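One structure below.
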Amino acid sequence: MNRIDVREAIAQAHHEEWARVVASLTRRFGDLDIAEEAAAEAFATAVQRWPADGVPPNPGAWLTTTANRQAIDRIRRENKRDDKHRKALMSYDDPPEPLGAIDDERLRLIFTCCHPALAMEARVALTLRMVAGLTMPEIARAFLVAESAMGQRITRAKAKIKAARIPYRMPSAEDLPARVSGVLAVLYLVFNEGYLATSPDTDPVRHDLTAEAIRLNRLIRALLPDDGEVAGLLALMLLIEARRPARVSASGELVALDEQDRGAWDTALIAEGHRLVRERLAAAATGVAPGRYQILAAINAVHTSARDMRDTDWSQVLALYDQLVHLDPSPIIALNRAIAVAELDGPEVALAAVDRLEDKLDGYHAYHATRADLLRRLGRGHESHAAYDKAIELAGNTAETAYLTRRRDQLR
C-alpha cells in the first residue's frame with residue numbers, strides 16, 4: 001500500500017472511528033479532555049506508524065487500544081490515582097470492547113455534550129467537535145465566528161461539564177423531550193457540514209457526516225416516535241440527502257438545483273421523506289403547530305415534488321417561509337426567503353430584501369452569491385462580478401467555488 005492509500009485509510013478511519021473512540025474513552029475515564037486528547041494522539045500515532053507498519057486489519061480496534069494506552073499514560077504522568085483510574089491502569093492491555101457495542105455510546109455522548117447546563121451554542125460546538133470530529137476551523141465557519149473564540153467556547157464547555165459533574169448517561173424518559181432540542185440542533189449542523197463542507201481540504205460533500213446524522217436521528221426517533229420536530233428533521237435530512245447524487249458534476253463543480261438531473265435523485269429517500277411530511281401535516285390539521293424543522297422539510301418536499309424546476313410551486317414555498325420567519329427570524333432564513341420572492345415578484349424586489357441583510361451577513365458567502373445572481377438577472381454585470389468575487393473569496397467548498405467562478409466568468 002503506497003503513502004496515498006495510507007493517507008486515505010487514515011482519513012477514512014477518522015471519519016468512521018473518531019466518535020466511537022471518543023465515546024469509548026469518555027465512558028471509561030469520564031473525562032472529555034482525556035478522551036479527546038488521547039483520541040487525537042492515537043490518530044497522530046497512526047499517521048506516523050501506518051505508512052511503515054501497514055494499515056491494521058481492524059483500524060477501529062487499533063485506534064481504540066492506542067488511545068486507551070495514551071490516556072493511561074497521561075493519567076500516570078499526572079499521578080491521578082482515584083479508584084476509577086487504578087482500575088483503568090490494571091487493564092492496560094485489555095482488548096477494546098467490540099465496536100458494535102459502542103454505537104449507542106455515541107448517542108450517550110451527544111446527550112452529555114448537549115446538557116442543559118451548557119449554553120445552546122456551547123452544546124452544539126462541543127458536540128460537533130467531540131462526536132462529529134470536525135476541526136476547529138470547520139466549527140468556527142459553521143458558526144461564522146473566529147477560530148480562537150470557538151476554541152475558547154469548547155474549552156469552557158468541557159470545563160463546565162467536569163466542574164458540574166455532569167454524568168455521562170442518557171437522560172431519563174421524562175427528561176428526554178426537554179433535552180432533545182439541543183441534540184437536533186447538533187445533528188442539523190453535522191448534516192449541513194456534510195451536505196456542503198466548509199473546508200477546502202475535504203471532499204465537497206461528506207457522505208460520512210450526512211449518513212451519521214441520519215443514523216443518529218433515526219435512533220432519536222425510535223426513542224421519541226411522537227415528537228414532530230424529530231420526524232421533521234429526519235424528513236428534511238432524507239429529502240436533501242436524496243439529491244446528493246446530482247449535486248456535484250464529474251468535473252467537481254456544484255450543480256445548482258435548477259440544473260440537477262432529477263432522474264438521479266434517490267426516489268426511496270424522497271418517498272420516505274414525503275411520508276414523514278404528510279404525517280406531520282396531518283398532525284398540524286389537528287391543531288398541533290409545526291416547528292422549524294417540519295416547515296423546512298415541507299419546503300424541501302415542495303422542491304422534490306416538482307418534476308422540473310419550472311413546475312415548482314413557489315407560492316407555497318414562500319408561504320412556508322413566511323411561517324418559518326415567525327419561528328426563526330434569522331437573517332439566513334430571510335436570505336432563503338428572498339430567493340423564493342425572486343421567483344414570484346422578480347429579482348428587483350428580492351434584491352431590496354437581500355440588501356437589508358448586509359450588516360448581518362456580509363461575512364457569509366451565500367449572501368454575496370445570492371446578490372450576484374440577482375444582479376446578473378437584472379443586467380447589472382459589473383456589480384454582479386464584484387459580488388461573485390466576494391462570494392468566491394469567502395466560500396470554502398471547492399465545488400461551490402468552481403460553480404461561482406464559472407458563473408462569474410460567464411458575465412464576460
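The analysis underlying the following values was restricted to heavy atoms, covering all of them including side chains, and did not include hydrogens, waters or symmetry mates. Everything quoted here is computed from the prediction, not taken from an experiment.
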Side chain proximity check, Val186 to Val131, heavy atoms < 4.5 angstrom
no
With a sphere of 6.0 Å drawn around CZ of Arg49, does it hold more than 12 non-hydrogen atoms of other residues, nucleotides or ligands?
no
Are Gln260 and Trp265 packed together at the side-chain level, in the sense that at least one heavy-atom pair is separated by less than 4.5 angstrom?
yes
Quick one: do His303 and Trp314 satisfy ring-ring contact (aromatic ring centres under 6.0 Å, His included)? Show the steps, please.
CA-CA 9 Å; His303 285 302; Trp314 287 105; 5.4 Å; yes
Side chain to side chain contact (heavy atoms under 4.5 Å, CB included) for Val190 and Thr127? Distances and angles first, verdict last.
CA-CA 9 Å; Val190 171; Thr127 311; 6.0 Å; no
What's the verdict on side chain to side chain contact (heavy atoms under 4.5 Å, CB included) for Leu276 and Leu238, showing C-alpha distance, side-chain angles and the deciding distance?
CA-CA 10 Å; Leu276 288 169; Leu238 294 174; 4.1 Å; yes
Tell me whether Glu229 contacts the main-chain N or O of Arg292 through its side chain, where contact means a donor paired with an acceptor under 3.5 Å.
yes
Can you check side chain to side chain contact (heavy atoms under 4.5 Å, CB included) on Met309 and Arg262, steps first, answer last?
CA-CA 9 Å; Met309 187 73 171; Arg262 301 190 175 210; 3.5 Å; yes
Taking side chain as C-beta onward, heavy atoms only, is Trp50 less than 4.5 Å from Pro59?
yes
How far apart are the C-alpha atoms of Arg371 and Glu358, what are their side-chain angles, what is the distance that settles it, and do they pass the salt bridge (charged side-chain N to carboxylate O under 4.0 Å, His left out) test?
CA-CA 10 Å; Arg371 285 194 76 249; Glu358 181 178 8; over 6 Å; no
Keeping Asn300 on the side-chain end and Leu236 on the backbone end, is there a donor-acceptor pair under 3.5 Å?
no
Test item: Asn68 side-chain N/O and Thr64 main-chain N/O as donor-acceptor pair under 3.5 Å
yes
Would you check, one step at a time, whether the test salt bridge (charged side-chain N to carboxylate O under 4.0 Å, His left out) holds for Arg337 with Asp322?
CA-CA 8 Å; Arg337 180 186 180 278; Asp322 286 340; 2.7 Å; yes
Spacing of Leu320 atom CG and Leu296 atom CG [to the nearest 0.5 Å]
9.5 Å
Can a donor-acceptor pair be found, under 3.5 Å and without considering hydrogens, that links the side chain of Asp261 to the backbone of Ala246?
no
Minimum heavy-atom separation for Leu394 and Asp362, please, with both atom names.
CD1-O, 3.7 Å
Counting N and O atoms only, with roles assigned by atom type, does the side chain of Asp203 sit under 3.5 Å from a partner on the main chain of Arg206, one being a donor and the other an acceptor?
no
Smallest heavy-atom separation, Arg280 atom then Ala231 atom, equals CD-CB, 3.9 Å
Closest heavy-atom pair and its distance - Val302, Asp313:
CG1-O, 3.8 Å
Output the distance between atom CD (Glu41) and atom CD1 (Ile34), rounded to the nearest 0.5 Å.
10.5 Å
Just checking, any donor-acceptor pair under 3.5 angstrom between side chains of Glu16 and Gln12?
yes
Within-4.5 Å side-chain heavy-atom neighbours: Tyr367 and Pro331
no
Rounded distance (nearest 0.5 Å) linking atom CG of Leu126 with atom CG of Leu109:
8.0 Å
Before giving the answer on salt bridge (charged side-chain N to carboxylate O under 4.0 Å, His left out), spell out for Arg129 and Glu37 the whole-Å C-alpha distance, their side-chain angles and the decisive distance to 0.1 Å.
CA-CA 12 Å; Arg129 175 66 192 135; Glu37 291 183 16; over 6 Å; no
So, does Arg179 use its side chain to make a donor-acceptor pair with the main chain of Phe111 at under 3.5 Å?
yes
Keeping the roles fixed (side chain from Glu241, backbone from Thr210), state whether a donor-acceptor pair exists under 3.5 Å.
no
Do Thr286 side-chain atoms and Ala283 backbone N/O form a donor-acceptor pair below 3.5 Å?
yes
Using 30° and 60° as the class limits, which term best fits the ring planes of Trp18 and Phe43: parallel, tilted or perpendicular?
tilted
Looking only at the side chains, is there a donor atom on one of His368 and Glu393 sitting less than 3.5 Å from an acceptor on the other?
no
Show your reasoning for whether side chain to side chain contact (heavy atoms under 4.5 Å, CB included) applies to Leu209 and Phe191.
CA-CA 6 Å; Leu209 293 182; Phe191 183 86; over 6 Å; no
Does Arg247 make a cation-pi contact with Tyr195, if we ask for NZ or CZ under 6.0 Å from the ring centre and within 45° of the axis?
yes
Before accepting this row, confirm whether a basic side-chain N of the pair Arg406/Asp409 lies closer than 4.0 Å to the acidic partner's carboxylate O.
no
Go through the steps for Glu383 and Lys390 under the test salt bridge (charged side-chain N to carboxylate O under 4.0 Å, His left out), then give the verdict.
CA-CA 11 Å; Glu383 294 171 86; Lys390 187 65 175 178; over 6 Å; no
So do Leu239 and His274 actually touch side chain to side chain, heavy atoms under 4.5 Å?
yes
Return the minimal non-hydrogen interatomic distance between Arg244 and Val205, and the atom names on each side.
CD-CG1, 3.7 Å
Got a donor-acceptor contact below 3.5 angstrom from the Lys160 side chain to the Ala117 backbone?
yes
From CD1 (Ile220) to CG (Leu107), nearest 0.5 Å
5.5 Å
Looking at Glu343 and Arg377, is any side-chain nitrogen of the basic one under 4.0 Å from a carboxylate oxygen of the acidic one?
yes
Looking only at non-hydrogen atoms, find the nearest pair between Cys113 and Ile161 and report the distance.
CA-CD1, 4.4 Å
Spacing of Asp33 atom CG and Met130 atom CE [to the nearest 0.5 Å]
7.5 Å
Check whether any side-chain heavy atom of Val248 sits under 4.5 Å from a side-chain heavy atom of Val255, and report yes or no.
no
Keeping the roles fixed (side chain from Thr26, backbone from Val22), state whether a donor-acceptor pair exists under 3.5 Å.
yes
Salt-bridge criterion met for Arg156 and Glu121 (N-O under 4.0 Å)
no
Which heavy atom in Ala125 sits nearest to a heavy atom in Ile139, and how many Å separate them?
O-CD1, 3.9 Å
With rounding to the nearest 0.5 angstrom, report the CZ to CG distance, Arg221 to Asp226.
8.5 Å
When you compare the side chain of Pro116 with that of Arg123, does any pair of heavy atoms fall below 4.5 Å?
yes
Contact check, side chains of Asp227 and Val180, non-hydrogen atoms, under 4.5 Å
yes
